[in-house]
Each structure stands twice: as structure tokens, then as C-alpha cells.
Amino acid sequence: ALQIYISGKYYDKENAKISVYDHGLLYGDGVFEGMRSYSGKVFRLEEHLDRLWDSAKAIWLQIPISKQEMGTVVNKTLEINGIRDGYIRLIVTRGAGSLGLDPNRTSDPQVICITDHIALYPPEFYEKGLEIITASTIRNHSAALSPRIKSLNYLNNIMAKIEGLQAGCVEALMLNAKGEVAECTGDNIFLVKKGKLMTPSLDSGILDGITRGAVLDIAREAGIEVAEMALTKHDVYIADEVFLTGSAAEIIPVVKVDSRPIGDGTVGPITLKLTKRFHQITRE
Ligand SMILES: Cc1ncc(COP(=O)(O)O)c(CNc2cccc(C(=O)O)c2)c1O
């Protein structure tokens, strides 16, 4: 049975529990990372751990072990579960405490590591591309709870995800408070127009996606012109190609947005080229 790591010990799935007084549960007061391993190697583990530490610092949370120890926890949890190609969920909560909000009245932040087999979208979603809608729920305002923090507060994303599901879509696009394109509920968005690759800049109020970063690197190395900039729904509608990026999804094409076909409604050549290269570097 899968072994779950909780603060120094391993537990069977049915015994892997935390206190109902944990502020991670009570208030979503905590941070997390979602990563993938390919043939036993976690893709960009250091970057994920850097982001986890940045998220923790942003919410004034001290992670009780070092980055190096955290890396060892991740690799050991994969190993004892015999998972080489899988998904890793790493969580640090504020810990258990009073029913009040005050983080000072909690103790013992919980470090949790769950490794599991990757649950992927069906292959036809990659072959045919997704249809998505623009949700009316905008992305968290950067001055409220910054979307740069990968926190346990995912209701903003879930509210938009519900709108997508209600519209028969598996993903939904969120705009920011200025009405510019931000990202989808669980992945970043890229557009291609006349051979140029564009993606919302970090100051659009988005998660600094690890896969987003990898795709920007791949595109630059391939000599593709790249721009991180403010984008609007109009830019999406008139794009030649659209795709999403995320650790779980990797690179997934989008062929329809708000009932507008993108390009000729089929998966585009640059999307395919970047996907092919991404698979090479994650599986080499
Ligand atoms: C809001 C958001 N934006 C972008 C990404 C992609 O980031 P990375 O390239 O670093 O993975 C994410 C992370 N994606 C994420 C997180 C939690 C759950 C799920 C899910 O699809 O069930 C997806 C995310 O939650």
C-alpha cells in the first residue's frame, strides 16, 4: 500500500491523518508543490523547492526542514513506493493550533509528501486539443493573496473550474482584475501568432509555472521569438495556436475558446514541436 510521509514518519494511506485543528485544513493556511518524476528523476526538483520556500516565506511560514532534507524526503518517498513515473504532492501546513486565525497560536508545521501514479487527461485531449471557456471568476488580485504563492487556498481556482465544468469544459481561463488574461485553473497559457510565442508576464498575476519556464527555455533554444506580456481575450481569439502548461498536464493544446475555434481548429505546428522537445528533455 502507498506510504505517505508526514513529518518524519510513513503511514499507510488509511492512517495518514492530520489534526482537525491544523490551520492547513481550517484556513488553507499552508503551501504546496505538484511535481512529476520521469524514470525516477523529479523534473526540475530544485526549482520546485525554491518556489515552495518562496511561497512559505511569503506567508511567513518557516519550513521545519532544510531544502536538502526535503529533496531527500521526496526521493525516498518515491523509492519506498516504487514509483518512477509519477506525481508528487508536497505540502507544508501551518500546523495545529487554536480555532483563531493567529499563526502564533499554532505549532509544529506539518510536512506531507504524497507520491502517486499520474492521473492524466485522456490521450485524445492531447491529440484533438481542449475546448475552454473564460470564467467570470477573476484570478486572485496580486495585492490580496498573490497568485505567485502556491498556497492551499485553491477556492479561487475551484470556483473557475466549476464554471468550466458547468460549460462542459475541463479547464477554464481566468482574467485578472484589469481584464487581462492570467492563466487557467491549474495551468499557464501560451499563444502563438505568426510564429511568435506569447505568454502572460508574471506581473499579470499568475503562478510562475515550472513548465511555463521550461517551455520558454525550449522555445528560445529553438530560435522561436518569445514574449512575456499583457494579453487580452482578443489576443487569444485571434491566435494561430493556444496551449496550456502544467506539471500534471505537461503541454496540452487548446483548439476552441469561448466557442471560437483557434486557428483552423486543429493542433498547431509550434505546439507539436514544443511538445516533442519537452518529451525529449523530460525523458532523456
Ligand atoms: C494556478 C496554476 N497555474 C499554473 C500551474 C502550472 O504550474 P507548474 O508548471 O509549476 O506545475 C499550476 C499547477 N498545477 C496544478 C496544481 C494543483 C492541481 C492541479 C490539477 O490539475 O489537479 C494542477 C497551477 O495550479
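Keep in mind that the numbers below use all heavy atoms, side chains included, and drop hydrogens, waters and symmetry copies. Numbering of ligands and ligand atoms starts at 1, following listing order.
- Other residues, nucleotides and ligands place no more than 12 heavy atoms under 6.0 Å from the NZ atom of K273.
- Within the 4.0 Å cut-off (strictly below), no protein heavy atom is located near atom 19 (C) of ligand 1.
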Go through K150 and E33 one step at a time and tell me if the salt bridge (charged side-chain N to carboxylate O under 4.0 Å, His left out) criterion holds.
CA-CA 7 Å; K150 199 169 175 72; E33 277 298 323; 5.8 Å; no
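- Looking at R36 and Y38, their side chains come closer than 4.5 Å, going by heavy atoms from C-beta outward.
- Residue E183 places at least one N or O, backbone or side chain, under 3.5 Å from an N or O of ligand 1.
- In the vicinity of T211, heavy-atom distances shorter than 4.0 Å reach the ligand 1 atoms 8 (P), 9 (O).
- The closest approach between a heavy atom of T185 and any atom of ligand 1 is below 4.0 Å.
- The number of heavy-atom neighbours closer than 6.0 Å to CZ of R89, taken from other residues, nucleotides and ligands shown, is above 12.
- The N/O atoms of T245, backbone and side chain alike, include none that comes under 3.5 Å of an N/O atom in ligand 1.
- At under 3.5 Å, a nitrogen or oxygen of Y154, whether backbone or side chain, sits near a nitrogen or oxygen of ligand 1.
- Residue G186 places at least one N or O, backbone or side chain, under 3.5 Å from an N or O of ligand 1.
- Any N or O atom pair closer than 3.5 Å counts here, and A248 shares no such pair with ligand 1.
- Atoms of ligand 1 lying under 4.0 Å from any heavy atom of R51, numbered from 1 in the order shown and given with element: 10 (O).
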Any chance you could lay out the side-chain hydrogen bond (donor to acceptor under 3.5 Å, both in side chains) test for E69 and T72, step after step, and finish with the verdict?
CA-CA 5 Å; E69 286 163 333; T72 305; over 6 Å; no
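- Atom 25 (O) of ligand 1 lies below 4.0 Å from at least one non-hydrogen atom of the protein.
- For atom 22 (O) of ligand 1, no protein non-hydrogen atom is found at a distance below 4.0 Å.
- A perpendicular orientation is assigned to the rings of F32 and Y154, their planes being inclined by more than 60° (bins at 30° and 60°).
- Atom 13 (C) of ligand 1 has K150 NZ, 2.9 Å as its closest protein atom, hydrogens excluded (heavy atom only).
- The shell of residues lying under 4.0 angstrom from ligand 1, judged by heavy atoms, includes R139.
- The side-chain heavy atoms of L231 and E180, taken from C-beta on, include no pair separated by under 4.5 Å.
- Backbone and side-chain nitrogen or oxygen atoms of N157 are examined, and none is located within less than 3.5 angstrom of a nitrogen or oxygen of ligand 1.
- Short contacts between ligand 1 and G209, defined as distances under 4.0 Å to a heavy atom of the residue, involve ligand atoms 7 (O), 8 (P), 9 (O), 10 (O).
- For ligand 1, the atoms sitting less than 4.0 Å from at least one non-hydrogen atom of N188 are 4 (C), 6 (C), numbered in the order shown with element in parentheses.
- When heavy-atom distances to ligand 1 are checked against a 4.0 Å cut-off, R89 comes that close only through its side chain, counted from C-beta outward.
- Residue contacts with ligand 1: S247 is placed with a nitrogen or oxygen under 3.5 Å of a nitrogen or oxygen of the ligand (distance criterion only).
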Ring pair (Phe, Tyr, Trp, His ring centres under 6.0 Å) between F243 and Y126, worked out
CA-CA 10 Å; F243 61 86; Y126 290 88; over 10 Å; no
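- Looking only at side-chain heavy atoms (C-beta outward), S39 and R283 stay at 4.5 Å or farther from each other.
- Of all atoms in ligand 1, listed by their number and element, those nearer than 4.0 Å to a heavy atom of L207 are 2 (C), 3 (N), 4 (C), 5 (C), 7 (O), 12 (C), 24 (C).
- R277 places a side-chain heavy atom less than 4.5 Å from the side chain of Q280.
- When the heavy atoms of I189, L244, I210 are ranked by distance to atom 8 (P) of ligand 1, first place goes to I210.
- Within 6.0 Å of CD on Q68 lie no more than 12 heavy atoms contributed by other residues, nucleotides or ligands.
- Every side chain to side chain contact (heavy atoms under 4.5 Å, CB included) that T266 has, sequence neighbours left out, goes to D264.
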